[in-house]
K.L.:
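Let me begin by handing over the structure; questions about it come next.
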Amino acid sequence: MTHPDGELVLRVMTMPRDTNHSGTVFGGVIMSYIDQAAYVHARTLGLHRWVTVMVERIEFVAPVYVGELVTLRATTLMTGRSSVTIRILVDAERYSTGKHVRVTESIIKMVALGADHKPIAFTSPATLSSDDVERRT
Ligand SMILES: CC(C)(COP(=O)(O)OP(=O)(O)OC[C@H]1O[C@@H](n2cnc3c(N)ncnc32)[C@H](O)[C@@H]1OP(=O)(O)O)[C@@H](O)C(=O)NCCC(=O)NCCS
């Protein structure tokens, strides 16, 4: 059954290197997780290169502390030809109580690129090949 908050796409543990001097996690670290989560979700919709074109909204609702498990869930809100608008909901599991708390909400738009690195209908057959990986190694 689908989770009401969306598909589970990422779970990470926050580390001391992620925090500011007060012990809370930098917003930029959470933003990076959101970007990765949006990619993971987009990839399930088409095997293409995906790039972030716009972050429509990001709201830091509550702080995240070091050592907490952070869960990111994704839902497709809207689709275009090459683009997909995705909602990412971020929860933290409080270290000492195990309570799940909503910490961040975001809406982010991803665009599928074809082999020529131009926008492509994301419903197109896969445009990735193992050659792409070999070229990068
Ligand atoms: C994403 C990118 C390829 C779009 O290029 P473009 O020339 O505007 O392409 P198009 O006009 O064909 O638009 C492609 C899609 O992006 C959407 N789009 C483009 N610019 C947008 C913007 N500023 N805001 C929201 N959507 C936008 C279009 O609506 C279109 O969606 P659709 O195909 O579903 O209708 C280009 O802007 C780019 O390369 N941006 C940098 C991406 C990047 O490096 N991201 C950060 C790291 S992943």
Side-chain angles (χ1 to χ4, degrees):
M1 203 178 82
T2 315
H3 191 284
D5 290 345
E7 175 205 7
L8 175 64
V9 280
L10 210 61
R11 274 201 107 189
V12 285
M13 186 173 79
T14 55
M15 300 293 277
R17 65 167 180 263
D18 301 328
T19 61
N20 59 32
H21 55 279
S22 311
T24 61
V25 174
F26 282 117
V29 170
I30 306 292
M31 285 161 80
S32 169
Y33 295 154
I34 288 170
D35 207 18
Q36 289 175 53
Y39 170 79
V40 172
H41 181 73
R43 200 183 141 85
T44 65
L45 306 175
L47 290 179
H48 311 294
R49 293 152 191 80
W50 285 91
V51 289
T52 310
V53 68
M54 185 182 55
V55 178
E56 196 174 302
R57 173 166 176 261
I58 187 153
E59 185 182 350
F60 297 101
V61 184
V64 180
Y65 303 95
V66 67
E68 293 187 337
L69 287 174
V70 175
T71 301
L72 292 94
R73 291 185 177 275
T75 307
T76 299
L77 291 184
M78 211 159 42
T79 57
R81 180 180 171 274
S82 67
S83 71
V84 179
T85 303
I86 300 164
R87 182 187 69 189
I88 304 287
L89 295 178
V90 188
D91 287 357
E93 189 182 316
R94 293 302 188 214
Y95 187 71
S96 54
T97 62
K99 193 177 166 207
H100 287 246
V101 175
R102 174 66 34 79
V103 291
T104 312
E105 301 182 5
S106 183
I107 296 175
I108 183 165
K109 190 171 178 179
M110 307 291 288
V111 172
L113 305 182
D116 57 0
H117 294 258
K118 297 212 173 352
I120 186 175
F122 73 86
T123 50
S124 309
T127 55
L128 297 177
S129 78
S130 55
D131 291 349
D132 300 325
V133 178
E134 282 159 22
R135 267 202 297 275
R136 281 191 273 120
T137 56

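Start at 1 with the first residue, then count along the sequence. Each ligand, and each atom within it, is numbered from 1 in the order the structure gives. Below, all heavy atoms of this structure are taken into account, side chains as well, without hydrogens, waters or symmetry copies. Computed from a predicted model, the values in this text were never measured in an experiment.
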K.L.:
Which residues pass the side chain to side chain contact (heavy atoms under 4.5 Å, CB included) test with Arg57, not counting sequence neighbours?
P.N.:
Glu59, Glu105, Ile107
K.L.:
Let me know which protein residues bring a heavy atom to under 4.0 Å of ligand 1; chain then number is fine for ordering.
P.N.:
Val51, Thr52, Val53, Met54, Gly80, Arg81, Ser82, Ser83, Lys109, Val111, Leu113, Pro119
K.L.:
Please report the closest heavy-atom contact between Ile86 and Ala74, naming both atoms and the distance.
P.N.:
CG2-CB, 3.9 Å
K.L.:
Heavy atoms only: give me the nearest His48-Phe122 pair and the separation to one decimal.
P.N.:
NE2-O, 3.1 Å
K.L.:
Using the rule salt bridge (charged side-chain N to carboxylate O under 4.0 Å, His left out), only one of Arg87, Arg73, Arg102 pairs with Asp5; which is it?
P.N.:
Arg102
K.L.:
Tell me the side-chain hydrogen bond (donor to acceptor under 3.5 Å, both in side chains) pairs involving residues 106-126, sequence neighbours left out?
P.N.:
none
K.L.:
Under the side-chain hydrogen bond (donor to acceptor under 3.5 Å, both in side chains) rule, what pairs show up with a residue in residues 17-28, not counting sequence neighbours?
P.N.:
Asn20-Thr24
